[in-house]
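Have a look at the structure below, then the notes.
Small disclaimer: the values here were computed from a predicted structure and weren't measured.
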Amino acid sequence: MFWSCNPTPKITWSSNGKTLPSAMIDYAHESTLSSRLVVRNLSRAHQHNVYSCQASNFYRRNVTANVTIELRLRPLAVEIVNGSSPLSADRRYIVQCQSVGSRPPAKITWWMGGVQLTATNQTTSEDGNSTLASLSFTPTREDHGKTLICRATNELVKRGTKETSMKLNVFCK
């Protein structure tokens with residue numbers, strides 16, 4: 001943040017109503033003051049934290065700028081939430097998979113035998129923390145013993161893929 005005014009303003013940083021320790025203050029140019037806040041060891045707990053920088057001078061003219069932390073995060077958990085076993089051959093099932101903790105929300109894909117299957121629906125919770133994908137699936141007796149994989153991916157982060165699976169137990173009618 002940069003300010004140029006007279007008298008020299010007092011600069012304070014705060015978050016959640018608490019004043020933070022003094023930040024680096026620099027007189028880079030004549031009559032210009034800048035301040036920088038360094039937040040170390042960012043974690044999931046910092047997501048959506050708001051940091052405010054306020055400059056105030058003798059005349060009580062305050063200028064405030066806010067910065068909101070938006071982190072890119074890998075999925076924390078992936079779960080097939082309604083996988084049932086055993087399954088009946090040639091009967092249609094809706095299987096759902098939920099991913100939690102990815103920012104931005106994870107893209108969920110379904111796989112079986114190295115082939116990507118087509119999901120019917122994917123929704124994200126209002127707070128963006130959870131993604132739910134549905135797969136309309138009709139197993140055949142040839143699918144018995146195969147593994148159905150649900151994979152949640154956030155391509156914006158390293159190691160941004162997490163998956164879970166279920167082994168299919170398919171019975172003939």
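- If you take OG1 on T68 and CD on Q47, they are separated by 10.0 Å, rounding to the nearest 0.5 Å.
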TODO: Evaluate the criterion side chain to side chain contact (heavy atoms under 4.5 Å, CB included) for residue pair L168 and M166; output intermediate values, then yes/no.
DONE: CA-CA 6 Å; L168 300 179; M166 66 181 258; 3.8 Å; yes

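- Follow the hydrophobic side-chain contacts under 4.5 Å out from L42 and you never reach V50; the two are in separate clusters.
- For the pair S15 and L20, the minimum side-chain heavy-atom distance is below 4.5 Å.
- Between the side chain of N82 and the main chain of I94, a donor-acceptor pair closer than 3.5 Å is present.
- Residues satisfying the side chain to side chain donor-acceptor pair (under 3.5 Å) test with R151, not counting sequence neighbours, are E163.
- With rounding to the nearest 0.5 Å, the separation of SG in C150 from CD1 in I108 is 5.0 Å.
- Heavy atoms only, all atoms of each residue included: I69 and H46 are closest at CB-O, 3.5 Å.
- The side chain to side chain donor-acceptor pair (under 3.5 Å) search around S130 returns Q98, not counting sequence neighbours.
- Among residue pairs with one or both ends in residues 66-80, none qualify as salt bridge (charged side-chain N to carboxylate O under 4.0 Å, His left out); sequence neighbours excluded.
- Under the 4.5 Å side-chain heavy-atom criterion for ILVMFWY residues, no single connected hydrophobic cluster contains both V78 and V157.
- The other residues sharing a hydrophobic cluster with V81 are L132, where clustering joins ILVMFWY side chains under 4.5 Å apart.
- Cluster membership check: L87 shares its hydrophobic cluster with M112, using side-chain heavy-atom separations under 4.5 Å among Ile, Leu, Val, Met, Phe, Trp and Tyr.
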Per-pair distances, 0.1 Å, donor-acceptor, side chain in residues 135-145, under 3.5 Å, sequence neighbours excluded:
from: S136; atom 1: OG; to: R92; atom 2: NE; distance (Å): 2.8
from: T140; atom 1: OG1; to: E142; atom 2: N; distance (Å): 3.4
from: T140; atom 1: OG1; to: E142; atom 2: OE1; distance (Å): 3.1
from: T140; atom 1: OG1; to: D143; atom 2: OD2; distance (Å): 3.4
from: D143; atom 1: OD2; to: T140; atom 2: N; distance (Å): 2.9
from: H144; atom 1: ND1; to: V170; atom 2: N; distance (Å): 3.0
from: H144; atom 1: ND1; to: V170; atom 2: O; distance (Å): 3.2

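- One N or O on the side chain of Y93 and one on the backbone of S88 form a donor-acceptor pair closer than 3.5 Å.
- Hydrophobic cluster of W111: the remaining members, joined at side-chain heavy-atom separations below 4.5 Å, are I149, listed by chain and number.
- Across every non-hydrogen atom of A133 and W110, the tightest pair is O-CZ2, 3.7 Å.
- The side chain to side chain donor-acceptor pair (under 3.5 Å) search around S102 returns N154, not counting sequence neighbours.
- Contact of the L71 side chain with the R44 side chain is not registered, since no non-hydrogen atoms from C-beta on lie closer than 4.5 Å.
- With side-chain heavy atoms closer than 4.5 Å counting as contact, directly or through intermediates, L156 stands alone and belongs to no larger hydrophobic cluster.
- Taking K10 as the reference, nothing meets the salt bridge (charged side-chain N to carboxylate O under 4.0 Å, His left out) condition, with sequence neighbours excluded.
- Counting all heavy atoms, side chain and backbone alike, S99 lies closest to A106 at OG-CB, 3.6 Å.
- Closest non-hydrogen pair, S56 versus N62, comes out as CB-OD1, 2.8 Å.
- Residues satisfying the side chain to side chain donor-acceptor pair (under 3.5 Å) test with S134, not counting sequence neighbours, are Q96.
- Sorted by first then second residue, the disulfide bond (SG atoms under 2.5 Å apart) pairs that include residues 99-131, not counting sequence neighbours, number zero.
- Take R103 and apply the salt bridge (charged side-chain N to carboxylate O under 4.0 Å, His left out) test, not counting sequence neighbours, and it matches no residue.
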